[in-house]
Amino acid sequence: MRQLKLFLALFFLGACAQYISPARDTWSQYLNGVSFTDMTEISRVAKRPVYLGAGGQLIENAVKTADAFDYGDKITNDNMIAKQYMAQLEYELYDALRKPGISVQRAGTDVVIILVRDAIMELDVANISQTGADTLSIITKILKKYNATFMEIAGYTDAMRDINGAHALSLDMAKRVGVYFAQHGIITARMFIVGRGAARPIAAQDDIGRLTNRRVEIRLSPAR
């Protein structure tokens with residue numbers, strides 16, 4: 001009986017435990033294999049051997065043979081398979097992430113998850129909130145299911161006079177999300193991490209717009 005009570009106490013303690021990012025001086029260990037550059041077509045091609053060597057797979061291998069096309073031009077068929085794969089990914093993310101401050105969008109073949117900072121991080125400290133950890137846990141499960149994708153994790157800030165400071169803050173946010181994914185089983189060879197500071201605002205630079213511009217965007221691109 002005592003063992004049962006101890007087990008239940010530990011279970012509920014673990015369930016209520018606040019997620020805390022590991023010490024900054026350990027981040028390089030978690031992010032080993034990450035590319036700290038923009039996720040371009042050229043960078044994906046260059047990273048492909050490393051990605052495959054780390055256990056990654058291409059969409060053509062991830063899709064069941066029965067779902068593939070047995071006729072027609074291979075390039076056309078591969079494009080169609082990729083579009084269907086990413087459309088299914090988009091639907092699952094959209095259905096699972098109906099929360100304030102979070103949106104899922106399509107950008108060509110890619111799928112983009114926009115996470116406003118206040119939706120995933122503590123208001124007064126640079127750390128992922130418990131709500132944010134719950135959201136990232138949902139995303140992690142879906143990313144493991146749709147594992148034939150590269151991902152770019154990009155941090156953004158609102159307009160700041162200190163350009164270098166804005167870049168540092170945005171990179172910090174992106175790295176924290178990358179560390180969370182690495183801790184929870186996402187292959188780092190899939191990841192590109194960048195901090196873009198105040199570049200590419202998606203809202204006005206007023207009081208409300210600034211809250212939206214402080215964000216992390218996760219762009220998912222088919223691996224092929």
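For the pair D118 (side chain) and L123 (backbone), a donor-acceptor distance under 3.5 Å is absent. A donor-acceptor contact shorter than 3.5 Å is absent between the side chain of H167 and the backbone of G197. With T26 contributing its side chain and P22 its backbone, the two residues share no donor-acceptor pair below 3.5 Å. In this structure, Q130 contributes its side chain and Y19 its backbone to a donor-acceptor pair below 3.5 Å. A donor-acceptor pair under 3.5 Å links the side-chain atoms of S43 to the main chain of D38, judged by distance alone.
Applying the 6.0 Å contact sphere to OH of Y91 captures no more than 12 heavy atoms from other residues, nucleotides or ligands. The 12-atom threshold is not exceeded at CD1 of I163, counting heavy atoms of other residues, nucleotides or ligands nearer than 6.0 Å.
Annotation: side chain of I138 is in contact with side chain of K99 (closest heavy-atom distance under 4.5 Å). At a threshold of 4.5 Å between non-hydrogen side-chain atoms, the residues Q105 and E217 do not count as touching. For the pair R48/L58, a side-chain contact is recorded, criterion being any heavy-atom separation below 4.5 Å from C-beta on. Contact check for M86 versus L220: side-chain heavy atoms found under the 4.5 Å cut-off.
The structure places CZ of R98 at 12.5 Å from CG of L93, a figure rounded to the nearest 0.5 Å.
V50 and F181 fall into different hydrophobic clusters, where Ile, Leu, Val, Met, Phe, Trp and Tyr are joined by side-chain heavy atoms under 4.5 Å apart, directly or via other members. Taken together through direct or relayed side-chain contacts under 4.5 Å among Ile, Leu, Val, Met, Phe, Trp and Tyr, I187 and I153 form parts of separate hydrophobic clusters. Linking Ile, Leu, Val, Met, Phe, Trp and Tyr residues whenever their side-chain heavy atoms come within less than 4.5 Å leaves F192 and Y180 in two separate clusters. L171 and V194 fall into different hydrophobic clusters, where Ile, Leu, Val, Met, Phe, Trp and Tyr residues are linked whenever their side-chain heavy atoms come under 4.5 Å apart, directly or through other members. Grouping the Ile, Leu, Val, Met, Phe, Trp and Tyr side chains by contacts below 4.5 angstrom, directly or via other members, places Y51 apart from L89.
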- Step by step, work out the side-chain contact (heavy atoms from CB on, under 4.5 Å) result for S129 and M121. CA-CA 5 Å; S129 64; M121 300 189 72; 5.6 Å; no
- Kindly determine whether Y156 and N213 satisfy side-chain contact (heavy atoms from CB on, under 4.5 Å), including the steps that lead there. CA-CA 7 Å; Y156 297 87; N213 288 327; over 6 Å; no
- Task: Could you go through the side-chain contact (heavy atoms from CB on, under 4.5 Å) check for N32 and Y30 one step at a time?
- Result: CA-CA 6 Å; N32 182 36; Y30 290 102; over 6 Å; no
- Given V216 and R117, is the side-chain contact (heavy atoms from CB on, under 4.5 Å) satisfied, shown in steps? CA-CA 7 Å; V216 172; R117 183 198 182 284; over 6 Å; no
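Applying the salt bridge (Lys or Arg N to Asp or Glu O under 4.0 Å) rule to pairs touching residues 24-35 yields R24-D172, sequence neighbours excluded.
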Distance-only check: which donor-acceptor pairs under 3.5 Å involve side-chain atoms of residues 140-152, not counting sequence neighbours?
{"residue": "T140", "atom": "OG1", "partner": "L136", "partner atom": "O", "Å": "2.7"}
{"residue": "K144", "atom": "NZ", "partner": "H184", "partner atom": "O", "Å": "2.7"}
{"residue": "K145", "atom": "NZ", "partner": "E92", "partner atom": "OE1", "Å": "3.4"}
{"residue": "K145", "atom": "NZ", "partner": "E92", "partner atom": "OE2", "Å": "2.7"}
{"residue": "Y146", "atom": "OH", "partner": "E92", "partner atom": "OE2", "Å": "2.8"}
{"residue": "N147", "atom": "OD1", "partner": "Q57", "partner atom": "NE2", "Å": "2.9"}
{"residue": "T149", "atom": "OG1", "partner": "Y146", "partner atom": "O", "Å": "3.1"}
{"residue": "T149", "atom": "OG1", "partner": "R190", "partner atom": "NH2", "Å": "2.5"}
{"residue": "E152", "atom": "OE1", "partner": "R196", "partner atom": "NH1", "Å": "3.4"}
{"residue": "E152", "atom": "OE1", "partner": "R196", "partner atom": "NH2", "Å": "3.3"}
{"residue": "E152", "atom": "OE2", "partner": "M39", "partner atom": "N", "Å": "2.8"}
{"residue": "E152", "atom": "OE2", "partner": "R196", "partner atom": "NH2", "Å": "3.0"}

Run the side-chain donor-acceptor check on residues 108-116: report pairs under 3.5 Å with partners two or more places apart or on a different chain.
{"residue": "D110", "atom": "OD1", "partner": "S221", "partner atom": "OG", "Å": "3.1"}
{"residue": "D110", "atom": "OD2", "partner": "R219", "partner atom": "NH1", "Å": "2.6"}

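Shortest non-hydrogen contact noted between A119 and P100 is CB-O, 3.7 Å. Residues A126 and R176 approach most closely at O-CZ, 2.6 Å, considering heavy atoms.
With respect to V177, the side chain to side chain contact (heavy atoms under 4.5 Å, CB included) criterion is satisfied by exactly one of I120, I193, I139: I120.
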